Amino acid sequence: MSDVKITFLVQRPPYKSENPKLATTHAMSYQVVEILLEDGQTITPALCYVGEGVLNCLKDQKAMETYGITSTEMHLKNCLLVDMDVYACKEDFDKYGIGEDRIIDADDMGADKKMQIVPFAKIQELMETSTHVMFF
Amino acid sequence: MSDVKITFLVQRPPYKSENPKLATTHAMSYQVVEILLEDGQTITPALCYVGEGVLNCLKDQKAMETYGITSTEMHLKNCLLVDMDVYACKEDFDKYGIGEDRIIDADDMGADKKMQIVPFAKIQELMETSTHVMFF
Amino acid sequence: MKLGVFVSDYKLTVDTLDRLTAEKLGIILVSNGVYHASIKENGKTSSLLDKSANFYALKEDLETRGIDPSGIDSRVKAVNYGDVVDLIMNDYEKLAWL
Amino acid sequence: MKLGVFVSDYKLTVDTLDRLTAEKLGIILVSNGVYHASIKENGKTSSLLDKSANFYALKEDLETRGIDPSGIDSRVKAVNYGDVVDLIMNDYEKLAWL
Amino acid sequence: MATLTIGLFSSLIGSMNYDFALKLADAAKDKGHTVNLWFSGNAASSPQKGQKHLKDYSHGEKPLRALIEKGVEVCTCEACSVARAVQKTTAIEGVKWNAMHWYLAKAYSSDRVLHIGGE
Amino acid sequence: MATLTIGLFSSLIGSMNYDFALKLADAAKDKGHTVNLWFSGNAASSPQKGQKHLKDYSHGEKPLRALIEKGVEVCTCEACSVARAVQKTTAIEGVKWNAMHWYLAKAYSSDRVLHIGGE
């Protein structure tokens with residue numbers, strides 16, 4: 001039994017580049033990675049939003065209506081739905097004046113998980129306890 | 001007889017994106033554009049470097065030796081060789097402490113033209129007297 | 001000159017817009033540029049909006065990012081693609097993209 | 001943690017590097033990041049170099065941009081691709097790219 | 001009615017500049033203007049035929065074909081395209097192939113030029 | 001000797017991150033390390049065969065083939081590639097096609113992961 005932790009750190013706003021979205025889809029793939037690993041081997045992702053990256057977490061993104069593509073919001077909801085740990089930096093929400101009412105949840109999809117709003121120190125700790133970090 | 005002036009404004013350093021190079025090649029094509037125009041119609045490009053864009057103008061770029069691609073320096077030399085007007089912002093060279101000895105020329109290729117180091121006000125004037133501007 | 005500048009990013013790495021002057025300046029916020037119309041940092045609106053210019057923000061790009069066009073800064077007018085075409089053709093002679 | 005950070009740009013739009021801490025921090029300047037090792041703005045060297053870290057700059061990327069590796073800031077060591085591999089394998093456990 | 005030339009240098013997927021340019025071209029055409037569209041830089045890989053339309057990704061082929069159908073002139077920079085392994089034989093029909101002077105010549109006769117060269 | 005996995009998300013031409021990743025992979029392999037290379041995002045258009053090698057443009061096909069020859073495992077994100085009209089049938093031989101969990105599985109067994117996801 002051996003687990004490898006990976007921190008996916010999103011530092012940039014959505015849509016300007018594909019990378020913030022790819023952070024969600026890459027992290028999500030931990031769900032199926034076992035088919036390429038040995039028994040008992042697992043990967044645990046932590047998906048973290050810091051800096052302008054927290055702008056990914058605004059709800060009511062209408063990318064499907066406006067441009068016909070899946071919104072970053074929908075990707076994030078899917079992450080919560082499969083019980084992934086998703087963290088966003090409290091200091092940055094405060095800096096941008098983003099209240100909890102504007103932050104994505106997946107309640108309507110029946111998810112138990114919520115986005116975890118944490119101080120940057122917690123994200124630092126996640127990086128320290130991870131085997132690998134990936135900055136998006 | 002009618003001339004259309006286009007200001008090509010390069011604001012970004014070389015190699016990070018292809019665009020600063022594409023400014024030189026697009027401007028250069030004024031040389032052959034007459035085959036698509038009527039008699040007496042001409043285009044006059046002004047290629048201008050401002051902000052971090054002036055870092056394109058450093059000489060001794062060894063992109064061919066290191067990565068096997070034509071350097072931005074070589075593209076700029078070719079522009080001077082065909083007598084294009086190339087301007088760079090004096091304030092920005094001063095800001096970055098770049099002396100004339102470090103700035104590209106095409107003397108070795110027999111070019112008569114030199115890069116014209118001008119105050120930003122001159123570049124502003126070029127934009128004002130142009131029909132179109134293209135920011136790279 | 002009558003210059004329409006498309007601002008497509010939030011954190012700009014170029015300062016050209018701060019340096020140039022235009023008798024008539026239009027700033028059209030598109031893509032991540034629309035955050036300038038909506039996001040306050042530490043309670044302050046974007047300094048871009050302090051410029052002497054007419055401001056527009058593309059509705060589709062606001063909505064894509066979860067921003068309600070009716071709630072943006074009062075100095076900025078929400079416009080759609082058709083409006084942008086009219087701005088380009090009727091109000092500004094030269095166009096720049098940042 | 002022992003963290004190696006690749007800085008690939010000159011004007012950074014992200015501030016993550018300013019916020020994180022590491023017991024051992026290596027900053028490897030590549031692509032346009034190499035300007036931090038060479039360009040002074042208004043006579044001042046890049047504030048990046050004031051960080052408590054070991055600094056490296058990729059020779060190939062300096063030379064591509066017309067910068068002589070022998071003339072860079074004394075706090076920065078010029079390295080080649082093989083050296084970068086050794087830094088990755090021997091000196092830093094986690095790697096980040098900015 | 002006037003003429004607008006759009007120069008696009010961004011990739012099909014990623015920045016959404018591509019989506020912007022196509023929607024703007026469409027809106028201008030709908031208002032009766034003449035529209036030209038030039039692809040250079042990373043936009044020059046976008047005339048490749050056979051893009052699979054997945055909902056997670058921006059898609060260009062269908063709207064590009066619709067623009068051409070509507071009479072928008074679309075041209076790609078040949079050198080930029082072939083360096084990216086896009087060949088005329090496997091490219092979207094109706095896209096013209098030319099060199100950079102095509103863009104300058106269109107700019108010559110355009111009332112407005114929007115050069116989308118950021119990134 | 002150790003294992004390095006590089007994840008690359010940048011386009012073939014443009015940022016020079018692609019050139020960097022290929023040169024780093026080559027240098028690591030030369031030192032006897034095991035190297036894996038994952039293409040996603042705009043890098044996923046780079047396995048397209050038939051890139052014309054022009055001196056003005058970065059070129060990936062030849063160095064990529066050389067890396068594969070040397071034993072570097074290269075894999076592209078299938079969804080990212082097909083959305084960009086890159087098909088298996090016209091892709092560079094030896095490049096694997098898989099989904100994102102390939103990258104995570106390689107990361108699992110790697111001593112070092114360099115994720116080049118900027119831009």
Side-chain angles (χ1 to χ4, degrees), chain E residues 8-19 22 39-65 74 76-95 97-101 116-119, chain F residues 7-19 22 39-65 74 76-95 97 99-101 116-119:
Chain E
L8 180 65
F9 289 64
S10 308
S11 55
L12 167 65
I13 301 171
S15 70
M16 303 203 59
N17 290 353
Y18 195 91
D19 307 71
L22 265 55
F39 290 148
S40 185
N42 277 332
S45 49
S46 70
Q48 179 77 25
K49 192 157 63 172
Q51 296 162 24
K52 186 155 182 183
H53 179 168
L54 304 168
K55 284 212 170 64
D56 275 13
Y57 299 85
S58 292
H59 32 90
E61 184 163 349
K62 213 175 131 191
L64 192 62
R65 287 183 185 275
V74 181
T76 190
C77 171
E78 178 156 357
C80 298
S81 286
V82 297
R84 290 165 173 84
V86 180
Q87 323 292 350
K88 265 187 214 183
T89 49
T90 56
I92 293 168
E93 300 83 359
V95 174
W97 289 58
N98 211 323
M100 295 167 185
H101 62 297
I116 304 180
E119 289 191 344
Chain F
L8 181 66
F9 289 63
S10 310
S11 56
L12 168 65
I13 301 171
S15 70
M16 303 203 60
N17 289 353
Y18 195 91
D19 307 70
L22 265 55
F39 290 149
S40 185
N42 277 332
S45 50
S46 71
Q48 179 76 26
K49 193 156 64 171
Q51 295 162 25
K52 186 155 181 182
H53 179 166
L54 303 168
K55 283 211 169 65
D56 274 12
Y57 300 85
S58 293
H59 31 89
E61 184 163 350
K62 213 175 131 189
L64 191 63
R65 287 183 185 276
V74 181
T76 191
C77 173
E78 179 157 356
C80 298
S81 287
V82 297
R84 290 165 174 85
V86 179
Q87 322 292 353
K88 266 187 211 180
T89 49
T90 56
I92 294 169
E93 300 82 359
V95 174
W97 289 58
M100 295 167 185
H101 63 297
I116 303 179
E119 290 187 344

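A quick note: this is a predicted structure, and the numbers were derived from the prediction, not measured. First the proteins, then the strands, lettered A, B, ... as listed; each starts at 1.
Residues that satisfy the side-chain hydrogen bond (donor to acceptor under 3.5 Å, both in side chains) test with F:K88, not counting sequence neighbours, are absent from this structure. A search for side-chain contact (heavy atoms from CB on, under 4.5 Å) contacts involving F:K52 returns E:V82, F:L54, not counting sequence neighbours. Every residue two or more places apart in sequence or in another chain that forms a side-chain contact (heavy atoms from CB on, under 4.5 Å) with E:T76 is listed here: E:F39, E:A44, E:P47, E:S81, E:V95, E:W97.
Within residues 55-64 of chain F, the residues approaching chain E closer than 4.5 Å by heavy atoms are, in numerical order, F:Y57.
Looking at F:L12, only its side chain comes within 4.5 Å of chain E, counting heavy atoms on both sides.
For the set E:A79, E:S45, E:G41, the count of heavy-atom pairs under 4.5 angstrom toward chain F peaks at E:A79.
Smallest separation of non-hydrogen atoms from F:Q87 and E:G50: NE2-O, 3.1 Å. Nearest heavy atoms, F:R84 versus E:Q48: O-CG, 4.4 Å.
Taking CD1 from E:I13 and OG from F:S11, the interatomic distance works out to 12.0 Å, rounded to the nearest 0.5 Å.
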